[in-house]
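Reviewing the structure listed below.
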Amino acid sequence: MNIVAAAIGRPYIPGWTDLGPFVAEGWLIVTVVGLLLAPFFARRRNLACFLVALAGLTAALISLLWVGVPAPGRAPLRGILIADSFALLWKAMLIVFTVGVLFLWRSTTASEMREGDGPEFFTLLIGATLGMSLMASTTNLLMIVMAVELASLPSYVLAGFRKTHRLGAEASLKYVLFGAGCSALMIYALTFLYGMYGTLDLGAIARQVQGGAHAHPALLTIAFFGLIAGVGFKIAAVPFHFWCPDVFEGASVEVTAFLSVASKGAGLVLLLRVLMTFADAMEYRAAQPLVALAYAVGILGAITATVGNTAAFAQNNIKRLLAYSSIAHAGYMMCAVSLLFNLNGHQTDAASGVNAPAQVLLFYLTVYLFMNLGAFAVAALVYRATGSEDISAFNGLVKRNPVLAHAMMACMISLIGLPPFAGFVAKLNLMLVLMNNGGGWWILVAVIAVNSIASAFYYFRVLRAIYLEPAGADQPAFAGHPLGVALAAGSGLALVLMLVLASPVSALTRHYARMQGIGGAAATPATKPVVTVSAAP
Amino acid sequence: MDPLALQHYLAVGAILFVIGLIGFVTRRNLIVMFLCTELMFQGVTINLVAFGRYLNNDLGGQAFTIFVLVIAAAEASLALGLVVLLFRQKNTLDADAWRELKG
């Protein structure tokens with residue numbers, strides 16, 4: 001009892017210096033409260049909630065950029081949460097993207113959503129955003145689990161939000177079943193990390209693994225398998241990808257867009273931070289556990305990309321096609337995450353603290369965000385006009401709505417990774433860094449190159465429908481919601497601009513590709529006493 | 001002096017988890033499937049408490065357990081709500097009845 005008394009005796013109350021870097025998350029929480037209160041004060045509840053969510057996200061973005069990154073070396077909130085530039089750029093991207101999702105909702109689903117469903121919808125959306133932003137800034141096992149669940153639980157409901165839609169309910173069922181199984185697996189595996197090393201802090205665990213303490217290779221393997229299962233579920237990495245196409249088809253389009261970028265991006269960012277913590281503790285040497293981890297993630301990434309692209313060929317539903325496309329892109333990004341060591345030295349530049357895989361991932365995510373936002377916006381508007389999600393609904397789109405047609409063209413060509421769009425530089429950057437890493441990473445470059453060429457076939461099927469197929473008699477021209485058209489056109493323009501401004505964007509991601517406690521600050525020794533699994537007190 | 005060592009607790013946790021996992025994979029009744037995930041979470045909590053107790057009385061494991069209980073409860077309430085919704089559509093709890101999305 002004495003330790004309980006001791007813990008209660010001096011409660012820990014975080015001050016402003018601790019909470020300052022997390023004002024953005026605070027704004028998201030305030031927004032959730034505001035969303036629940038807003039319906040009492042407005043007659044048009046859905047619209048009111050849309051505006052509150054928009055205002056909250058704007059406030060979060062401004063405060064995020066205003067507060068910036070605290071001086072390195074300090075660990076706010078006793079190291080439970082981490083504020084660094086890597087997390088900051090991801091959060092900024094996430095919030096910008098969520099604003100895009102809000103506009104997408106406004107231009108498509110808003111008109112058919114029942115008045116009064118808005119508060120729930122936006123509460124869930126902002127709650128998931130909060131979880132995804134927390135996923136980027138923690139290496140504490142408890143906080144990882146909490147953040148992943150905070151992102152997952154609202155996503156399950158969002159997937160089945162169209163209660164009367166039969167496919168929506170089925171999608172939600174598959175999502176929640178699979179998600180519960182994967183999260184149980186992940187937490188069970190993580191208990192062994194806690195058990196073996198006596199701490200919830202991944203950094204301390206990594207240093208003990210490096211120190212050779214309690215080498216239980218089997219338990220360590222189980223722990224990492226569980227971690228990859230839990231995060232792989234968020235990323236939709238093979239073999240945890242089965243939910244992805246079904247949920248994408250069953251959910252409404254703005255939810256699909258949200259999951260395709262925010263959920264996967266958060267998973268990748270978390271995976272990178274976790275693996276980098278281990279790589280840094282092992283000083284990026286080609287030592288046994290690190291090599292196994294890097295190869296596992298690299299091979300998983302290659303398989304994910306290949307499976308995604310192969311399955312995409314057979315799809316006629318545009319949302320299923322984009323689902324498999326997003327699985328493939330998650331695979332490419334996992335290849336970047338697999339860069340845990342190289343033969344020439346550190347992945348983190350000692351002088352500048354820039355982390356090479358983090359830079360690649362941030363750059364790719366920045367571009368990927370606009371590609372998917374644009375593609376889903378066009379798909380949503382075409383669905384609104386035709387009532388069909390089939391690729392044939394795009395027939396003759398260039399005559400029916402040239403702006404949307406060209407925006408879709410930009411997104412599709414960018415997704416393939418061809419110039420003159422930003423997808424080209426993102427993929428080029430990824431492949432160059434993989435190539436320069438030495439070792440066996442050229443194999444991943446080859447896999448990505450072959451996959452990109454193969455993926456061109458199914459992306460071009462959409463383009464052929466848009467540009468070459470004649471529009472059917474029942475497919476008249478349509479205008480589309482101006483906000484949605486602006487969103488699609490803006491995404492297309494952004495893809496062109498980011499190719500023109502490739503070097504500033506690259507410099508920006510390089511500037512933000514720094515992680516606290518990784519590559520910079522000296523590692524502090526673990527203070528906690530530890531026991532082996534077989535020891536009794 | 002203590003006849004129960006850490007391994008015993010871990011064994012119970014592992015058994016619960018594996019029973020849950022096997023049930024989750026093999027059973028096709030939706031409610032039983034969700035009960036099996038609950039069983040998996042209980043295996044997790046036993047592990048956490050046992051590790052916490054045997055690790056120098058570290059409270060981290062027990063604190064974690066409370067969070068895991070909350071997560072399990074949230075997931076169960078969400079899932080059972082969904083089961084009710086689905087049951088109204090087809091009047092069956094068989095998971096195989098929902099096959100319109102082709103996985």
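Side-chain atoms are counted along with the backbone in the values below, which use heavy atoms only and exclude waters and symmetry mates. Each chain gets a letter, A, B and so on, in the order the sequences are listed, and its residues count up from 1.
- The contact list for residues 146-154 of chain A toward chain B, using heavy atoms and a distance under 4.5 Å, reads A/Met146, A/Glu149, A/Leu153 by residue number.
- Highest contact tally toward chain B, considering only A/Leu142, A/Leu141, A/Val176, is held by A/Leu142 [criterion: heavy-atom pairs under 4.5 Å].
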Next on the checklist: Working note: B/Glu75 + A/Tyr156, criterion side chain to side chain contact (heavy atoms under 4.5 Å, CB included); need CA distance, chi angles, decisive distance, verdict.
Outcome noted: CA-CA 9 Å; B/Glu75 225 148 60; A/Tyr156 302 150; 3.8 Å; yes
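- Between the side chain of A/Tyr194 and the backbone N or O of B/Gly61, at least one donor-acceptor pair lies under 3.5 Å.
- Rounded to the nearest 0.5 Å, atoms CG (B/Leu82) and NZ (A/Lys174) are 12.5 Å apart.
- Between A/Thr191 and the choices B/Ile46, B/Leu48, B/Leu10, the side-chain contact (heavy atoms from CB on, under 4.5 Å) rule is met once, by B/Leu48.
- Within the model, atoms CG of A/Leu185 and CE of B/Met40 stand 6.0 Å from one another, a figure rounded to the nearest 0.5 Å.
- In this structure, chain B has no heavy atom under 4.5 Å from any part of A/Leu190.
- Of the residues considered (B/Phe67, B/Phe17, B/Phe24), B/Phe17 shows the highest number of contacts with chain A, using heavy-atom pairs under 4.5 Å.
- Here the straight-line distance linking atom CG of B/Leu85 with atom OG of A/Ser172 works out to 8.0 Å at 0.5 Å rounding.
- For the pair A/Phe192/B/Asn47, a side-chain contact is recorded, criterion being any heavy-atom separation below 4.5 Å from C-beta on.
- Surrounding CZ of B/Arg27 are at most 12 heavy atoms belonging to other residues, nucleotides or ligands under 6.0 Å away.
- Across every non-hydrogen atom of A/Ser183 and B/Phe41, the tightest pair is OG-CZ, 3.7 Å.
- Both the backbone and the side chain of B/Ala14 come within contact range of chain A, judged by heavy atoms closer than 4.5 Å.
- Between A/Leu200 and B/Phe64 there is a side-chain heavy-atom pair separated by less than 4.5 Å.
- Considering every non-hydrogen atom in both A/Leu177 and B/Met33, the closest pair reads CD1-CE, 3.7 Å.
- Only the side chain of B/Val68 comes within contact range of chain A, with heavy atoms under 4.5 Å apart.
- With rounding to the nearest 0.5 Å, the separation of CG in B/Leu78 from OH in A/Tyr175 is 11.5 Å.
- With chain A as partner, the option from B/Thr37, B/Val83, B/Ile71 having the largest number of non-hydrogen pairs under 4.5 angstrom is B/Ile71.
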